[in-house]
Amino acid sequence: MKIGAKVVKELRDRTGAGMMDCKRALEATGADIEAAIDLLRSKGEAKAAKRAARAANEGTVTSYIHHGGRIGVLVELNCETDFVANTDGFRTLARDIAMHVAASDPIAVAAEDVDAAVVERERKVFMEQVALEGKPEHIRDRIVDGKLAKFYRERVLLEQAYVKDPDRSVGELITEVAARTGEKIRVARFSRFQVGG
């Protein structure tokens with residue numbers, strides 16, 4: 001099947017993937033653009049997982065001041081090269097993450113970054129709740145683990161539902177941008193300031 005330049009360009013505009021990758025995806029899916037997008041996304045996310053061990057020492061520090069000046073956020077977002085760090089897509093991602101932090105008030109970047117004392121306190125509270133509910137002892141640990149996973153989804157940046165698109169997490173958003181850029185992207189740290197807080 002011959003794939004026209006117009007459809008390749010449309011796919012490239014929608015995904016940011018390379019021209020040859022777009023052409024191969026269209027050939028593999030019989031020129032079905034939606035299927036080609038899914039194929040490119042799955043390949044990009046697999047490549048992003050392979051890049052996880054690589055160093056990300058370039059990037060940007062972005063600020064966001066919420067309307068009214070009562071909440072301010074600083075986010076350090078890293079990538080592998082200054083070329084990607086200077087792209088509009090990367091800078092937009094950094095700003096979107098800063099805005100998300102302002103709105104959602106996470107306590108850590110990743111679940112493993114949550115202070116052990118906080119995790120232990122939450123686990124204890126959940127254990128008491130489950131005991132008071134009269135749940136059988138042999139399933140209490142699994143219930144508590146589920147409650148802890150929900151706590152992470154609500155309070156940890158990479159696990160939280162992205163405020164602009166609640167159907168995906170902040171971590172998934174970062175993975176999608178990393179797939180388009182071909183580089184590892186990570187949130188190094190953030191600080192959230194609130195007047196009177």
Find out whether [X] and [Y] are in side-chain contact, i.e. whether some heavy atom of one side chain is under 4.5 Å from a heavy atom of the other.
X      : Y      : answer
Tyr162 : Asp96  : yes
Arg180 : Val177 : yes
Ile97  : Ile174 : yes
Cys79  : Ile185 : yes

Any chance you could measure [X], atom [atom1], to [Y], atom [atom2], to the nearest 0.5 Å?
X      : Y      : atom1 : atom2 : answer
Leu74  : Arg192 : CG    : CZ    : 12.5 Å
Phe90  : Thr62  : CZ    : OG1   : 7.5 Å
Thr29  : Ile3   : OG1   : CD1   : 7.0 Å
Thr92  : Met99  : OG1   : CE    : 11.0 Å
Gln160 : Glu154 : CD    : CD    : 9.0 Å
Leu157 : Ser169 : CG    : OG    : 9.5 Å

Any idea which heavy atoms bring [X] and [Y] closest together, and the distance?
X      : Y      : answer
Pro166 : Ala161 : O-CB, 3.6 Å
Phe151 : Ile107 : CZ-CD1, 3.8 Å
Ile71  : Ala102 : CG2-CB, 3.9 Å
Ala36  : Leu26  : CB-CD2, 3.9 Å
Val163 : Ser104 : CG1-OG, 3.3 Å
Gly69  : Val195 : O-CG2, 3.9 Å

message = Between Met127 and Asp141, does the side chain to side chain contact (heavy atoms under 4.5 Å, CB included) criterion hold? Intermediate values first, please.
response = CA-CA 8 Å; Met127 202 53 109; Asp141 282 337; 3.0 Å; yes
Between [X] and [Y], is there shared hydrophobic-cluster membership here, with clusters defined by ILVMFWY side-chain heavy atoms closer than 4.5 Å?
X      : Y      : value
Val125 : Val119 : no
Phe190 : Leu93  : yes
Leu158 : Val73  : yes
Val84  : Leu77  : yes
Tyr152 : Leu173 : no

query = After noting the C-alpha distance and the side-chain angles of Arg24 and Asp21, does the key distance pass the side chain to side chain contact (heavy atoms under 4.5 Å, CB included) rule?
reply = CA-CA 5 Å; Arg24 281 192 286 270; Asp21 288 336; 3.0 Å; yes
request  = Please list, chain by chain and in numerical order, all residues satisfying side chain to side chain donor-acceptor pair (under 3.5 Å) with Asp165, sequence neighbours excluded.
outcome  =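 Applying side chain to side chain donor-acceptor pair (under 3.5 Å) to Asp165 gives Arg168.
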query = Is the CZ atom of Arg155 crowded by more than 12 outside heavy atoms at less than 6.0 Å?
reply =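 Buried by this count: over 12 neighbours within 6.0 Å.
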ask   = Taking Glu183 for the side chain and Glu80 for the main chain, is one N or O donor matched with an acceptor at less than 3.5 Å?
value =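 It does hold such a pair.
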request  = Give every residue pair that meets the salt bridge (charged side-chain N to carboxylate O under 4.0 Å, His left out) criterion with at least one member in residues 114-139, sequence neighbours excluded.
outcome  =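 For residues 114-139: Arg123-Asp145.
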key: Under-4.0 Å salt bridge between Asp88 and Arg91   =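 Salt bridge absent between Asp88 and Arg91.
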message = What I want to find out is whether Arg189 reaches Glu76 closely enough, with some N-O distance under 4.0 Å, to be called a salt bridge.
response =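 Yes, charged N to carboxylate O under 4.0 Å.
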